[in-house]
Amino acid sequence: MAGPARILGSSGLVVAAVTGILTTVALLPGTGSYALWNGAAVTDAGTVTAGTVAVAETVTPSLDVVFTSGRTTSTGGVLVTNTSTVATTFTSAVTLVPGSSAPLAAAISLVAWPTANTASCTTGAAVPSDAYTGTWSSVVAATGAGALTGTLAPGASFAYCLRSTMNVAAAAGITSGSLVSLSFTTRVSAGTTWSAVATTTASQSFVDSLVDTVEP
């Protein structure tokens with residue numbers, strides 16, 4: 001059986017993955033039922049039901065940021081939508097792309113909280129008292145095993161805001177030009193066989209813009 005399709009997207013772009021069409025054929029009374037993968041309908045069956053399993057994910061462009069002495073914080077959001085025609089379970093995780101700077105990931109503070117839509121994920125947005133706090137390193141460790149899980153009805157969405165902050169003045173030991181590349185991945189599943197995956201990315205970097213001035 002073919003594995004789930006996977007389409008990668010850049011920041012701010014909607015990506016969707018559709019694994020295929022599940023056709024369930026209900027046989028004549030008393031004979032049970034079975035599933036066909038992209039199969040043809042059986043003309044003498046009692047009923048035929050078809051469905052798709054798919055997911056879409058977007059990351060707001062504001063999560064891409066270069067931290068400097070003039071910019072030390074950024075707020076953005078992630079939106080995940082179950083574009084399936086059936087209810088699904090979901091698992092969402094954040095990982096560091098290989099080559100990311102571990103010292104920078106540990107130096108960027110992070111606050112995360114759920115929201116109705118990512119339009120509210122602005123610099124002036126109030127942070128709930130129960131918001132998650134940590135660093136990119138800690139949130140990657142927390143979601144590495146798929147800590148964000150739940151169920152979504154067809155067409156339903158969930159969203160969360162992310163506010164990242166870097167104390168540039170205390171960035172001793174972090175090389176200017178260091179980069180953290182983040183991968184946001186969500187998998188939706190229906191049953192034990194059908195699933196789809198969507199992945200988006202964002203990057204955050206540090207540039208030492210402080211220049212010492214030598215008096216003549």
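In this chain, numbering begins with 1 at the start of the sequence shown. Heavy atoms only: backbone and side chains are in, while hydrogens, waters and symmetry mates are out.
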A.B. asks: Shared ILVMFWY cluster between Leu182 and Tyr132, side chains joined below 4.5 angstrom?
C.D. replies: yes

A.B. asks: If you look at every heavy atom in Ser181 and Ser100, which pair is closest and at what distance?
C.D. replies: N-OG, 3.0 Å

A.B. asks: Please confirm whether the backbone N or O of Thr52 pairs with a side-chain atom of Thr85, one donor and one acceptor, at under 3.5 Å?
C.D. replies: yes

A.B. asks: Determine yes or no for a side-chain-to-main-chain donor-acceptor pair under 3.5 angstrom, with Ser74 supplying the side chain and Ser62 the backbone.
C.D. replies: yes

A.B. asks: Can you check whether Val78 reaches Thr58 side chain to side chain, under 4.5 Å on heavy atoms?
C.D. replies: no

A.B. asks: With a 4.5 Å limit on heavy-atom distance, are the side chains of Val55 and Val80 in contact?
C.D. replies: yes

A.B. asks: Same cluster or not: Trp113 versus Val59, using hydrophobic residues (I, L, V, M, F, W, Y) connected whenever any side-chain heavy atoms lie under 4.5 Å apart?
C.D. replies: no

A.B. asks: Set out, in order, the CA-CA distance, both residues' side-chain angles and the distance that settles ring-ring contact (aromatic ring centres under 6.0 Å, His included) for Phe158 and Phe90, then state yes or no.
C.D. replies: CA-CA 10 Å; Phe158 77 90; Phe90 73 85; 4.4 Å; yes

A.B. asks: With a 3.5 Å distance limit and no angle check, can you tell me whether Ser176 reaches the backbone of Asp208 through a side-chain donor-acceptor pair?
C.D. replies: yes

A.B. asks: Can you give me the closest heavy-atom contact between Thr135 and Ala105, atom names plus distance?
C.D. replies: CB-O, 3.7 Å

A.B. asks: Do the side chains of Thr185 and Thr199 get nearer than 4.5 Å, heavy atoms only?
C.D. replies: yes

A.B. asks: Could you tell me whether a side-chain N or O of Thr175 sits under 3.5 Å from a main-chain N or O of Ser178, the two making a donor and an acceptor?
C.D. replies: no

A.B. asks: Any side-chain heavy atom of Glu57 within less than 4.5 Å of one from Thr81?
C.D. replies: no

A.B. asks: Taking Arg71's backbone N and O only, do any of them form a donor-acceptor pair with Thr68's side chain (distance below 3.5 Å, no angle check)?
C.D. replies: yes

A.B. asks: Using only atom types and a distance under 3.5 Å, with no angle test, would you say the side chain of Asn82 pairs donor to acceptor with the backbone of Ala153?
C.D. replies: yes

A.B. asks: Does the side chain of Leu162 reach to within under 4.5 Å of the side chain of Leu63, using non-hydrogen atoms?
C.D. replies: yes

A.B. asks: Find out whether Leu79 and Thr118 are in side-chain contact, i.e. whether some heavy atom of one side chain is under 4.5 Å from a heavy atom of the other.
C.D. replies: yes

A.B. asks: If the plane angle is over 60° it's perpendicular, under 30° parallel, otherwise tilted; pick one for Trp136 and Phe184.
C.D. replies: perpendicular

A.B. asks: What are the two closest non-hydrogen atoms of Ser84 and Val188, and how far apart are they?
C.D. replies: OG-CG2, 4.4 Å

A.B. asks: Decide side chain to side chain donor-acceptor pair (under 3.5 Å) for Thr123 and Thr75; before the verdict, give the C-alpha distance in whole Å, the side-chain angles of both, and the deciding distance to 0.1 Å.
C.D. replies: CA-CA 5 Å; Thr123 302; Thr75 304; 4.6 Å; no

A.B. asks: Can you find a heavy atom in the side chain of Val66 that is under 4.5 Å from one in the side chain of Phe206?
C.D. replies: no

A.B. asks: Below 4.5 Å, heavy atoms only, C-beta onward: do Thr165 and Ile108 meet side chain to side chain?
C.D. replies: no

A.B. asks: Over all heavy atoms of both residues, which pair between Leu179 and Ser205 is shortest? Give the atoms and the distance, please.
C.D. replies: CD1-CB, 3.8 Å

A.B. asks: At their closest point, which heavy atom of Gln204 faces which heavy atom of Ser164, and how far apart are they?
C.D. replies: NE2-OG, 3.0 Å

A.B. asks: I'd like to know if the side chain of Ser137 and the backbone of Ala106 have a donor-acceptor N/O pair within less than 3.5 Å.
C.D. replies: yes

A.B. asks: Do Val65 and Val111 sit in the same hydrophobic cluster, where Ile, Leu, Val, Met, Phe, Trp and Tyr count as joined when their side-chain heavy atoms come under 4.5 Å apart?
C.D. replies: no

A.B. asks: Where is the tightest heavy-atom contact between Arg163 and Thr73, given as atom of each residue plus distance?
C.D. replies: CG-OG1, 3.8 Å

